[in-house]
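Notes follow once the structure below has been shown.
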Amino acid sequence: MNTMDLKKAGLCLLAAWGSMIGIGSPANAQEHRVSSADIDRWMSDVKFQFVPNPLQSEESNASSVQGYFNYTPGFSLWLMMDMGGALVVDKEHFLVNSSTKDEEGVWLLDLSCVDSVNGFFQLNLAVDSENGDAALKVATPTLGDIALYQGKVGAYEGPGMPDFRNEKKTEEAVTKAAELDTLIPSMQFRVKLNSELYGPKSQIHIFKGLLRLWDPRQFQGAYEVVCCEKQNGIWYVRLQLVEENEVSEAMYLDLAIDSWTGEVNYRRGFADQLRLNWRAIVDGEVTGSSDEAVLKDKAGKK
């Protein structure tokens, strides 16, 4: 797919999906607005974020986990391709092969990057300078086109704290973020899962090196931390579960936790069975620190 094909395909997708999809801001927050001048400056400087929509077309292959399970420092694409996070773009991490703005006000960028483990990637980005709607195609020399993402571009520094509708909600968000910024990196927190989705007693208790969950399957065992990183107010956590019985492939548990609200997106499964478009619905909420009493409850063992 060349640059003009990307522009046509991407903007058609954005037009079709734009009225149905949001960036995924908290329910009590208001979206930050950007101007055309802001977008032109970001594109000219090649210093911005591409924020994928939480709901992606399955036909575009962007809703799937791309399978780059080697989380290497400096691999700029990992959070977007494996967890649905934002892609932070700058000239330090990407080679700018071309950057132009056409007569219709659409920015067309041709970028590339190399990761020491995962290899070479080619990126083509089309951005509407009026509203920031964007389409991003990712390809490799061996696989060709991998996926076409729909989303928006935003400021390089990220959105910061959302604009909550009243002072009380703002204070609650600040308190919640301070609590979660302590609990999550220390791996000492619990998640209450949505009872309508997972059953009335479904929850996750995470301790250092050990977790207990009901979703509704019961599991208690060790894990390895693949990723625990905060971006744009969201904690992205991926754990590789250590099963008592050896299996041919690894099982993963993914969490995306809104630090301002405690709302959680959750999925668990084998690498090729992780739920698509998992960022589109809220699965639960962080309700505090993990409770060691659950580890003493022998009735919950596998």
Side-chain angles (χ1 to χ4, degrees), residues 6-7 10-11 14 17-18 21-56 62 74-81 83-96 98-102 105-113 121 123-138 149-165 169-170 173-174 176-178 180-181 229-236 256-261 263 265 279:
L6 168 72
K7 174 185 170 182
L11 295 183
L14 289 166
W17 287 74
I21 302 174
I23 291 297
S25 299
N28 294 314
Q30 297 176 337
E31 184 179 334
H32 293 279
R33 302 294 179 182
V34 299
S35 67
S36 296
D38 289 330
I39 296 169
D40 284 344
R41 184 178 71 257
W42 300 337
M43 296 301 105
S44 296
D45 295 342
V46 191
K47 194 171 185 178
F48 57 91
Q49 289 192 13
F50 170 78
V51 183
N53 291 323
L55 185 62
Q56 296 283 342
F75 183 28
S76 304
L77 295 170
W78 194 90
L79 272 183
M80 180 185 74
M81 297 176 70
M83 300 288 282
L87 177 66
V88 181
V89 179
D90 57 35
K91 292 180 180 178
E92 293 182 10
H93 297 91
F94 292 89
L95 176 64
V96 182
S98 66
S99 174
T100 60
K101 183 180 180 182
D102 70 12
V106 176
W107 281 93
L108 302 171
L109 278 69
D110 183 338
L111 310 170
S112 56
C113 66
F121 294 85
L123 292 81
N124 293 109
L125 180 69
V127 180
D128 188 329
S129 62
E130 290 298 316
N131 54 27
D133 286 349
L136 172 67
K137 178 178 70 69
V138 180
Y149 297 85
Q150 304 113 46
K152 280 183 173 292
V153 293
Y156 180 80
E157 298 78 12
M161 183 178 180
D163 294 326
F164 289 88
R165 292 192 175 96
K169 291 294 183 183
T170 301
V174 171
K176 175 66 74 173
L180 297 190
D181 286 355
E229 180 174 335
K230 188 178 182 182
Q231 181 198 67
N232 295 344
I234 305 293
W235 279 100
Y236 293 95
I257 304 167
D258 189 320
S259 65
W260 305 111
T261 66
E263 292 181 341
N265 302 117
R279 299 295 310 284

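We use all heavy atoms of the structure for the numbers below, so side chains are in, but hydrogens, waters and symmetry mates are not.
- In this structure, the side chain to side chain donor-acceptor pair (under 3.5 Å) partners of Glu229, at least two apart in sequence or on a different chain, are Tyr71.
- What you find for Gly84 and Pro52 is that their closest heavy atoms are O-CG, 3.7 Å.
- In this structure, Leu108 and Leu125 have side chains that are not in contact, with every pair of non-hydrogen atoms separated by 4.5 Å or more.
- Counting heavy atoms from C-beta on, the side chains of Leu136 and Leu123 come closer than 4.5 Å.
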Open item on the list: Before you tell me yes or no, could you show the steps for Leu109 and Phe50 under side chain to side chain contact (heavy atoms under 4.5 Å, CB included), namely the whole-Å CA-CA distance, both residues' side-chain angles and the distance that decides it to 0.1 Å?
Closed with: CA-CA 12 Å; Leu109 278 69; Phe50 170 78; over 6 Å; no
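- How far CG of Asp110 is from OG1 of Thr100: 9.5 Å, rounded to the nearest 0.5 Å.
- Note that the CG atom of Leu79 and the CD1 atom of Ile234 stand 11.5 Å from one another [nearest 0.5 Å].
- Considering all non-hydrogen atoms of both residues, Ser129 and Trp107 come closest at CB-CD1, 3.9 Å.
- Here the CG-NZ distance, from Asp163 to Lys169, works out to 15.5 Å after rounding to the nearest 0.5 Å.
- In this view, Ser36 satisfies the side chain to side chain donor-acceptor pair (under 3.5 Å) rule with no residue, not counting sequence neighbours.
- For Ala173, the side chain to side chain contact (heavy atoms under 4.5 Å, CB included) criterion is met by Met161, Phe164, Trp260, not counting sequence neighbours.
- A distance-only check finds a donor-acceptor pair linking the side chain of Gln56 to the backbone of Gln150 [under 3.5 Å].
- The line from CE of Met83 to CD of Gln231 is 10.5 Å long, rounded to the nearest 0.5 Å.
- Residues that satisfy the side chain to side chain donor-acceptor pair (under 3.5 Å) test with Ser99, not counting sequence neighbours, are absent from this structure.
- In this view, Asp38 and Val34, Ser35, Arg41, Trp42 satisfy the side chain to side chain contact (heavy atoms under 4.5 Å, CB included) rule, not counting sequence neighbours.
- No donor-acceptor pair under 3.5 Å is formed between the side chain of Glu130 and the backbone N or O of Gly105.
- For the pair Val106 and Ala126, the tightest heavy-atom approach, listed with the atom from each and the gap, is CG1-CB, 4.3 Å.
- Of all heavy-atom pairs spanning Trp235 and Ser259, the tightest one is CD1-CB, 4.1 Å.
- Contacts of Lys230 classified as salt bridge (Lys or Arg N to Asp or Glu O under 4.0 Å), with partners at least two apart in sequence or in another chain: Asp181.
- Shown here are the side chain to side chain donor-acceptor pair (under 3.5 Å) partners of Asp90, two or more places apart in sequence or in another chain: His93, Tyr156.
- Lys47 contributes atom NZ, which lies 10.0 Å from atom NZ of Lys91 (distance to the nearest 0.5 angstrom).
- Asp40 is linked by a salt bridge (Lys or Arg N to Asp or Glu O under 4.0 Å) to Lys101, counting only residues two or more places apart in sequence or in another chain.
- Nearest approach of Glu157 to Gln49, heavy atoms of both residues: C-NE2, 4.1 Å.
- Note that CG of Asn265 and CZ of Arg279 are 5.0 Å apart. Values are rounded to the nearest 0.5 Å.
- Looking at residues two or more places apart in sequence or on another chain, you find no ring-ring contact (aromatic ring centres under 6.0 Å, His included) involving Phe94.
- Between Ala86 and Asn232 the shortest heavy-atom distance is CB-ND2, 3.7 Å.
- Every residue was checked against the side chain to side chain contact (heavy atoms under 4.5 Å, CB included) condition with Ala178, not counting sequence neighbours, and none meets it.
- With hydrogens and angles disregarded, a donor-acceptor distance shorter than 3.5 Å links the side chain of Lys152 to the backbone of Asn131.
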